[in-house]
Every structure is written in structure tokens, then in C-alpha cells.
Amino acid sequence: MVEIKTDTALEAMREAGRVVAHALAAARAAAAVGVRLRELDEAARAVLAEAGARSPFLGYQPSFAPRPFPAVICTSVNDAVSHGIPDDHPLCDGDLVSVDCGAELDGWTGDAAISFTVGTPRPADLELIAATQEALDAGIAAATVGHRIGDISHAIGTVARKAGCGMPADFGGHGIGRRMHEDPHVPNRGRPGRGFPLRHGLALALEPMLMAGGRDDYCTDPDGWTLRTIDGSRAAHIEHTIAITEDGPRILTLP
């Protein structure tokens with residue numbers, strides 16, 4: 001069932017989204033050559049704790065996962081697309097890192113992700129990040145009252161395909177609110193004019209995941225969580241929680 005949020009609920013989600021933005025900023029600030037992925041998680045945990053927020057990631061176990069997720073952020077490096085578990089792996093010069101984070105505050109949830117490089121960037125990585133951001137921007141621009149989910153999906157997919165990128169099948173954006181994952185599903189590819197109608201008060205997490213190799217298939221690490229490109233190419237993941245409003249799309253996961 002799709003829940004349409006009141007304006008009061010959207011304001012509460014905005015506060016949760018602000019916590020997410022600060023946690024992501026802290027993780028990014030902590031990232032440097034030689035820093036371990038676990039230290040990025042520690043930085044994000046400190047922000048959540050200070051805000052009195054709960055992590056919807058920690059202990060989360062969807063049907064595909066063999067065990068609960070053990071951290072408050074996902075850290076996906078280089079050919080990892082998403083769901084990477086922060087561990088003792090040290091960051092290296094030139095790494096491409098995607099960090100995904102959520103926060104639940106006063107019963108409402110925010111979810112967002114960023115991608116960035118560490119040390120000396122590869123030009124191709126910067127182009128991939130830029131294409132992923134462009135895809136997200138296009139999806140947000142299409143998220144207006146009177147459109148449908150398919151219009152968002154089509155906008156994201158068009159940018160990704162133009163850039164020659166693949167997108168992992170079966171994964172995309174989602175509704176969000178009282179829980180991190182709610183209806184409706186928001187594919188990263190689709191046909192315009194199809195799907196659930198966009199109404200004032202609908203909250204969505206839009207999250208293009210672009211794979212530079214151009215393929216849509218992926219593999220899963222033995223940890224049961226980390227998704228990787230099948231060909232070893234790099235991946236980027238950028239996400240915002242947004243609200244559909246009569247005044248246009250509103251991004252809820254800004255600082």
C-alpha cells in the first residue's frame with residue numbers, strides 16, 4: 001500500500017533527511033588514503049548518535065540477505081555497486097567510493113547516497129559520477145504532480161543509456177516514510193506515462209546505480225550483501241529522498 005504523507009510528516013522526514021546528509025558528509029570527510037572503511041562507519045554512527053537518530057541499516061535483513069547488515073552505512077568501492085559492508089579494508093589512492101546511509105528520527109526515515117573519489121581521481125570515474133548525478137537530477141526533475149513513476153524511471157534510464165552505462169537489474173528506488181522501504185518500487189528504467197501516479201505528499205528515494213561497463217547483470221560477494229559489476233568495471237551510486245509537492249519536487253536529504 002502506498003502512503004501519501006501529510007505536510008507535517010514531510011517536515012519530519014526533512015529533519016531525518018538532514019541527519020542523513022550530515023552523516024554522509026562526516027563519512028566523506030573521514031575518507032582518505034589509508035583510512036579503513038570501518039572508520040567511515042564510525043564517523044556516521046557518531047552523527048546519528050548525536051542527533052538521537054536510529055539507523056534503519058543496522059540489523060536490516062531483507063529476504064536475499066543471509067545475515068543482518070552489521071553497519072549504519074554501506075561502503076561500496078570501485079567495482080562494488082552497492083550494499084558493501086564497511087570493514088578493515090584501507091582506502092587506496094584513486095578509489096571510487098559510494099556511501100549509502102539512512103536515519104530514522106521521531107518515527108520518520110531518510111535515505112541518501114553519495115559517490116566520490118579518494119586521492120588522485122581517474123577522469124573516467126569523475127565522468128561516471130557526473131553521469132550518475134545527471135541521471136538523478138533528471139529523475140528528480142520528472143517527479144512532478146501529474147506524472148507517473150514511469151516518467152521518473154524513463155528520465156533516469158535515458159541519461160544512463162546515453163552515457164553507455166549499465167544499471168543492475170532488480171534494483172532501483174522506492175517509497176519511503178515510516179519505513180526505509182515502502183511501496184511503490186521506482187525502477188531505474190521504464191516507459192513514460194506508466195505506473196503509479198505522482199501526487200502531493202508521495203515520498204520517494206531515487207537512486208540511480210550506474211555501471212561503467214554497460215552491462216546490467218551483476219554478481220554478489222560471498223558476504224551475501226555486496227553487489228559487484230560482472231566485468232570488473234567501476235560503479236557509482238547517488239541517491240536522494242524527495243517529496244512530490246504541488247510546488248515541484250522537494251529534496252529532503254540536504255544538509
Side-chain angles (χ1 to χ4, degrees), residues 11-60 68-78 80-121 125-126 128-130 132-133 136-137 140 173 176 180-181 203 205-209 225-226 234-242 250-255:
E11 288 302 324
M13 290 184 66
R14 175 70 183 100
E15 293 309 308
R18 201 184 309 275
V19 175
V20 173
H22 291 160
L24 286 172
R28 181 169 187 170
V33 175
V35 171
R36 299 183 186 278
L37 294 176
R38 196 180 305 279
E39 295 177 70
L40 275 59
D41 184 69
E42 291 168 357
R45 284 177 189 251
V47 172
L48 296 182
E50 183 177 357
R54 187 189 74 84
S55 169
F57 286 23
L58 185 62
Y60 180 60
F69 196 76
V72 304
I73 60 173
C74 300
T75 51
S76 306
V77 181
N78 297 333
V81 185
S82 63
H83 302 164
I85 297 174
D87 55 17
D88 288 325
H89 175 82
L91 290 168
C92 298
D93 187 52
D95 276 347
L96 193 168
V97 184
S98 296
V99 179
D100 192 359
C101 182
E104 181 185 304
L105 185 67
D106 297 328
W108 296 97
T109 309
D111 186 12
I114 57 175
S115 288
F116 56 89
T117 57
V118 175
T120 306
D125 287 348
L126 297 180
L128 178 61
I129 292 170
T132 309
Q133 183 65 59
L136 176 59
D137 291 343
I140 293 173
I176 185 170
M180 180 169 59
H181 290 133
L206 307 184
E207 49 180 326
M209 307 169 195
W225 277 100
T226 308
R234 303 272 189 141
H237 175 201
I238 306 179
E239 176 183 16
H240 268 309
T241 294
I242 69 164
R250 181 186 180 191
I251 300 176
L252 302 179
T253 40
L254 293 173

_For a quick test of reading the model, state the closest non-hydrogen atom pair linking A30 to A43 and the distance between them._
CB-CB, 4.1 Å

*Going by the angle between their ring planes, with limits at 30° and 60°, are H83 and W225 parallel, tilted or perpendicular?*
perpendicular

_As an exercise, state the distance from OG1 of T75 to NE2 of H89, rounded to the nearest 0.5 Å._
9.0 Å

*So does D106 have more than 12 non-hydrogen atoms from other groups sitting under 6.0 Å from CG?*
no

*State, to 0.1 Å, how close A71 and S55 come at their nearest heavy-atom pair, and which atoms those are.*
O-OG, 4.3 Å

*Would you say the side-chain atoms of D41 pair up with the backbone N or O of I73, donor to acceptor, closer than 3.5 Å?*
yes

*Which pair of non-hydrogen atoms, one from A12 and one from W108, has the smallest distance, and what is that distance?*
CB-CD1, 3.5 Å

*Atom of T120, atom of D93 and distance for their closest heavy-atom approach*: N-OD1, 2.8 Å

_What's the separation between atom OG1 in T117 and atom CG in L128, rounded to the nearest 0.5 Å?_
11.0 Å

*Between L91 and L40, is any pair of side-chain heavy atoms under 4.5 Å apart?*
yes

*Side chains of L96 and N78: does their closest heavy-atom pair fall under 4.5 Å?*
yes

*Supply the atom-to-atom distance M13 CE to E104 CD, rounded to the nearest 0.5 angstrom.*
11.0 Å

*Is there side-chain contact between V20 and D111, with heavy atoms separated by less than 4.5 Å?*
no

*Spell out, as yes or no, whether a donor-acceptor pair under 3.5 Å connects the side chain of S115 to the backbone of I238.*
no

*Less than 4.5 Å apart, any side-chain heavy atom of R45 and any of L58?*
yes

*Between G59 and P68, which heavy-atom pair has the shortest distance, and what is it?*
O-CB, 3.6 Å

*From CZ (F116) to CG (D125), nearest 0.5 Å*: 12.5 Å

*asked:* Can you tell me how far apart CE (M180) and OG1 (T241) are? Round to the nearest 0.5 Å.
replied: 10.5 Å

*At what distance, to the nearest 0.5 angstrom, does CE of M209 lie from OG of S82?*
4.5 Å

*How close do G52 and L105 get, heavy atom to heavy atom, and via which atoms?*
O-CD1, 3.8 Å

_H240: partners by side chain to side chain donor-acceptor pair (under 3.5 Å), with sequence neighbours left out_ = T253

*Do L254 and R14 have side-chain heavy atoms sitting under 4.5 Å apart?*
yes

*asked:* Between E15 and R18, does any side-chain N to carboxylate O distance fall below 4.0 Å?
replied: yes

_Closer than 3.5 angstrom, by distance alone: can the side chain of R36 be matched with the main-chain N or O of P86 as a donor-acceptor pair?_
no

